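Worksheet: the structure to be examined is printed underneath.
All ligand and atom numbering here is 1-based and tracks the order in the structure. Being a predicted model, the structure only gives us computed values, none of them experimental.
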Amino acid sequence: MSILRKALTTAALATALIANGAHAETKRIALVVKALGIGFFEAANKGAEEAAKELGDVEIIYTGPTDTTAEGQIEVINSLIAQGVDAIAISANDPDAVAPALKKAMERGITVISWDSGVAKDGRQMHLNPSSSALIGNTIIKLAADHMPDGGDVAILSATSTSTNQNIWIEEATKVLPNYPGVNLVATVYGDDLADKSYREAQGLIQTYPNLKAIIAPTTVGILAASQAVTDAGKIGSINVTGLGLPSEMAGAVESGATVSFAIWNPIDLGYAATMLAYNISNGAKAEPGASIPMGRMGAATLDDNNEAAMSDPFTYDKSNIEEFKSIF
Ligand code: RAM
């Protein structure tokens with residue numbers, strides 16, 4: 001081998017070693033979502049990618065089951081344990097069912113946090129709520145009540161019946177119902193965050209409750225499907241669809257009048273913040289009551305007695321501002 005050739009080979013080898021070394025130090029953070037194909041989680045993933053870019057040494061693994069089931073998430077978690085990822089940040093389909101798999105992950109040294117939809121306390125190191133649950137519960141009822149001057153029947157179209165976040169919000173909404181006299185909650189149904197099932201459940205509500213004045217869907221999948229069902233049933237103007245939605249998905253419903261207004265927090269910021277927290281805990285930040293863990297441009301999360309923190313307040317969208325936001329998330 002010529003001296004030149006040998007020198008080149010050595011240089012190539014050194015480059016390969018550096019590349020490998022850098023790879024070994026890259027933190028692999030898995031963003032486990034309720035199911036693939038949901039716009040809300042795709043927006044959160046944008047935020048996770050933004051955090052990864054800012055941090056420089058992070059690879060995001062965006063993953064989840066095809067349906068919103070705990071079983072599907074357990075399979076995903078087990079495969080992430082086998083891959084030896086550094087951190088798992090999960091939005092859970094069931095607070096308890098996924099906990100044993102996540103405990104196994106923590107035993108193997110994997111950082112585990114939940115965000116959006118929480119995991120039981122012993123199955124995660126911390127949980128990031130998008131906002132105060134009581135505030136979200138009150139907001140979804142108020143959004144409906146504000147457009148029902150004479151009161152009337154309302155129904156809730158939720159995600160899955162085991163979904164931690166929607167169940168807490170519905171519980172909080174039920175607590176404040178007495179503050180809205182004349183607003184009657186007649187049913188709560190579950191569309192499982194599947195577009196077709198949510199549409200059918202909304203149709204069922206429209207048929208079963210002829211005096212229905214509002215469908216409240218605290219899920220981006222549910223609100224979109226319900227606004228379509230109300231439109232197809234010719235009920236725009238008599239049934240107002242509201243709850244939590246994405247401006248990008250709800251612009252048509254607001255334009256047609258199927259939805260007067262709805263709310264949401266910024267899902268990009270939520271994915272960004274969850275990634276920052278997973279990264280910092282994986283790098284040694286202690287998740288314990290009172291701790292303040294940095295979340296990059298989102299400030300810091302201060303953990304309560306349950307190792308939970310909340311991000312920011314929901315924001316209301318209607319005809320006056322939807323145009324401005326529909327291209328963002
Ligand atoms: C759906 C999911 C998610 C929830 C939003 C509002 O995308 O159920 O968990 O936070 O709606």
For residues 209-220, which side-chain donor-acceptor pairs fall under 3.5 Å, sequence neighbours excluded?
unit_1	atom_1	unit_2	atom_2	d
Thr219	OG1	Asp193	OD1	2.6
Thr219	OG1	Val221	N	3.0
Thr219	OG1	Gly222	N	2.9

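Residues passing the side-chain hydrogen bond (donor to acceptor under 3.5 Å, both in side chains) test with Thr275, sequence neighbours excluded: none. The side-chain hydrogen bond (donor to acceptor under 3.5 Å, both in side chains) test applied to Glu323 returns Lys326, not counting sequence neighbours.
If you run side-chain contact (heavy atoms from CB on, under 4.5 Å) between Leu102 and each of Ile77, Ile110, Ile113, Ile81, only Ile77 comes through.
For the pair Asp122 and Lys103, the salt-bridge criterion is met [side-chain N within less than 4.0 Å of a carboxylate O].
Note that CG of Asp86 is 9.5 Å distant from CD of Glu59, once rounded to the nearest 0.5 Å.
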Under 3.5 Å: N or O atoms of ligand 1 paired with protein N or O:
unit_1	atom_1	unit_2	atom_2	d
ligand 1	7 (O)	Thr220	OG1	2.7
ligand 1	8 (O)	Lys34	NZ	3.0
ligand 1	8 (O)	Gln166	NE2	2.9
ligand 1	8 (O)	Asp193	OD2	2.6
ligand 1	9 (O)	Lys34	NZ	2.8
ligand 1	9 (O)	Asp116	OD2	2.5
ligand 1	9 (O)	Asn165	ND2	3.0
ligand 1	10 (O)	Asp116	OD1	2.7
ligand 1	10 (O)	Asn165	ND2	3.3
ligand 1	11 (O)	Thr220	N	3.0

